[in-house]
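To keep things clear, I will list the structure first and then write my remarks on it.
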Amino acid sequence: MNYLTISENAKASFIEKRSEFIGYIAPVKTNDEAVAFINSIKAEHRKARHNVYAYILREDNISRYSDDGEPQGTAGVPVLDVLKKRGLTDVCVVVTRYFGGILLGGGGLVRAYSHAASLACDAAHIMDMCLCHRLKITADYGMYGKISYLLPNFDTITVNSDFGSDVTLDILVLSERLDALKKELTEATNGTAAIEDCGELYEDFSSVKKISEEK
């Protein structure tokens, strides 16, 4: 259910035998958004020899690509393969090539387009989108220490903290850890903490998972 995507547009470029390859990546959620991004890059680089693209969408499980005039299988497929190997979805990559006059050959093209796509992915911020629940926890100040001690053990994300007459915490917890956390909170506070489940959603847990891996 969880998936990897990117937070915002990014780009990177390199030169191979006088040909310039510019890799662009963008977050897209629909086919129309992907087409609009592709067209915007094409409009920006009207004089380029090729604007190769590939994209993968969760919606209707769509994946498409185009060699845009390069020999079949040497451009669009390698770009698509990079996205698949990285497990990315809801993303579109366009690789613009300004031809430098030297032919690269089939293998050279595959390596160049793969490299451009990889550089674009490296330049982007990868988001680990996980199915989670947003909880609102309300408790008196005497229980705050126990609650704040518990939460890191469940890799939660604190969205908001309100220190009024009581302490109110808005947190995100992975769906698979929801029941265990609620049980621990109830036991730790002797049932005095009010726990409101505000629903299930997808959120980026990349920072939390990175911290867990470093421990």
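Nothing here was measured: the structure is a model prediction, and the numbers come from that model. The basis for the numbers below is simple: all heavy atoms, side chains too, and nothing from hydrogens, waters or symmetry mates.
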[X] and [Y]: same hydrophobic cluster, using ILVMFWY side-chain contacts below 4.5 Å?
X      : Y      : value
Ile157 : Leu185 : no
Val159 : Leu174 : yes
Leu151 : Phe163 : yes
Tyr149 : Val167 : no
Leu88  : Val95  : yes

Before we go on, tell me: are the rings of [X] and [Y] under 6.0 Å apart, centre to centre?
X      : Y     : value
Tyr202 : Tyr3  : yes
Tyr53  : Tyr24 : no
His115 : Phe21 : no
Tyr98  : His45 : yes

- Item | Option among Leu172, Thr156, Ile195 that satisfies the side chain to side chain contact (heavy atoms under 4.5 Å, CB included) test with Leu135 |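 So, applying the side chain to side chain contact (heavy atoms under 4.5 Å, CB included) to Leu135 and each of Leu172, Thr156, Ile195, only Ile195 qualifies.
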- Message: Which residue is it: Ile25, Asn31, Val91? I am looking for the one with a side chain to side chain contact (heavy atoms under 4.5 Å, CB included) to Tyr55.
- Response: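 Considering Ile25, Asn31, Val91, a side chain to side chain contact (heavy atoms under 4.5 Å, CB included) with Tyr55 is found only for Asn31.
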Counting distance only, does the side-chain N/O of [X] pair as donor-acceptor with the main-chain N or O of [Y] below 3.5 Å?
X      : Y      : value
Asp197 : Gly199 : yes
Glu33  : Lys29  : yes
Asp140 : Met143 : yes
Asn2   : Leu131 : yes
Asp90  : Pro27  : no
His133 : Ser175 : no
Thr158 : Asn160 : no
Asp204 : Met129 : no
Asp67  : Gly76  : yes

- Quick one: do the Arg58 and Thr89 side chains pair a donor with an acceptor below 3.5 Å?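 On atom types as modelled, these side chains do not qualify, holding no pair under 3.5 Å.
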- Just checking, any donor-acceptor pair under 3.5 angstrom between side chains of Asp166 and Thr138?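 No, Thr138 and Asp166 have no side-chain donor paired with an acceptor closer than 3.5 Å.
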- Query: Ion pair present between Arg86 and Asp122, side-chain N to carboxylate O less than 4.0 angstrom?
  - Reply: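 Answer for the salt bridge query: yes.
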- Message: Any salt bridge linking Arg134 with Glu200? Criterion: basic side-chain nitrogen under 4.0 Å from a carboxylate oxygen.
- Response: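 Between Glu200 and Arg134 there is no salt bridge, as every charged N stays at least 4.0 Å from the carboxylate O atoms.
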So which heavy atom on [X] is nearest to which on [Y], and how close?
X      : Y      : result
Ala139 : Ile147 : CB-CD1, 3.7 Å
Ser114 : Pro78  : OG-CB, 3.3 Å
Val52  : Ser66  : CG1-O, 3.2 Å

- Message: Consider side-chain hydrogen bond (donor to acceptor under 3.5 Å, both in side chains). Of Glu16, Glu70, Glu20, which one does Arg97 pass it with?
- Response: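 Among Glu16, Glu70, Glu20, the one meeting side-chain hydrogen bond (donor to acceptor under 3.5 Å, both in side chains) with Arg97 is Glu70.
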- Are side-chain heavy atoms of Leu201 and Cys132 found at a separation under 4.5 Å?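 A side-chain contact under 4.5 Å exists here.
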